[in-house]
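Presented below is the structure to which this report refers.
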Amino acid sequence: MEKSIRREIDNILKETTQFDFPFFANEEKKRIILLKKKSYIEEKFRAVAPESLPSEEKMRKIWEQSVEFADEQFKSLPINKRFNGFYLQELMHCYAEKLKDSIIDKED
């Protein structure tokens, strides 16, 4: 993979660590933001490596795995406290990492 593509992907990964929800956002608003962030990450990856992006089905599986991972990380919190900014960061970072790994595997 080209260095410029790797650098762009690293920037995407770094950006996921800065995601957050607005302070008084309700759960519905948070779910909308979460889906917008998911789309945003996918758009960024499409711009960086369009020919290497996994299929829609594979991306859906990667998303499901990422949700399971984030849910597992926050399972000790009460249900009404789980859906927070750290959860958003963990989920999006995991998703971006898995997309990156899928792209790298295609390159090999």
If you take all heavy atoms of [X] and [Y], which pair is closest and at what distance?
X: R46; Y: L53; answer: CG-CD2, 3.3 Å
X: C94; Y: F69; answer: SG-CD2, 3.7 Å
X: P54; Y: L99; answer: CG-CD2, 4.0 Å
X: L34; Y: M92; answer: O-CE, 3.3 Å
X: R6; Y: I104; answer: NH1-CD1, 4.0 Å
X: I62; Y: S102; answer: CD1-CB, 4.1 Å

Apply side-chain contact (heavy atoms from CB on, under 4.5 Å) to residues E8 and N11 and explain how you reach the verdict.
CA-CA 5 Å; E8 288 296 320; N11 289 339; 4.2 Å; yes
Side chains of F86 and L77: does their closest heavy-atom pair fall under 4.5 Å?
no
Sequence neighbours excluded, the answer for side-chain hydrogen bond (donor to acceptor under 3.5 Å, both in side chains) partners of K36 is none
Does the pair R60/E56 count as a salt bridge with the N-to-O cut at 4.0 Å?
no
Is E97 salt-bridged to K100, cutoff N-O under 4.0 Å?
yes
What's the separation between atom [atom1] in [X] and atom [atom2] in [Y], rounded to the nearest 0.5 Å?
X: L88; Y: F21; atom1: CG; atom2: CZ; result: 4.0 Å
X: N26; Y: I32; atom1: CG; atom2: CD1; result: 8.0 Å
X: S76; Y: K81; atom1: OG; atom2: NZ; result: 13.5 Å
X: I103; Y: E51; atom1: CD1; atom2: CD; result: 8.5 Å
X: I12; Y: R7; atom1: CD1; atom2: CZ; result: 12.5 Å

[X] side chain to [Y] backbone, donor-acceptor under 3.5 Å:
X: T17; Y: L13; value: no
X: E90; Y: A70; value: no
X: S52; Y: A49; value: no

How about CD on E28, more than 12 heavy atoms from neighbouring residues, nucleotides or ligands closer than 6.0 Å, or not?
no
With a sphere of 6.0 Å drawn around CD1 of I79, does it hold more than 12 non-hydrogen atoms of other residues, nucleotides or ligands?
no
With a 3.5 Å cut-off and no angle check, do the side chains of E42 and Y95 form a donor-acceptor pair?
yes
Could you tell me if E15 and Y40 have a donor-acceptor pair between their side chains, going purely by distance under 3.5 Å?
yes
Could you please spell out the steps behind the side-chain contact (heavy atoms from CB on, under 4.5 Å) verdict for F83 and R31?
CA-CA 9 Å; F83 209 45; R31 291 194 186 283; 3.7 Å; yes
Under 30°, 30 to 60°, or over 60°: which ring-plane class applies to F74 and Y87, parallel, tilted or perpendicular?
perpendicular
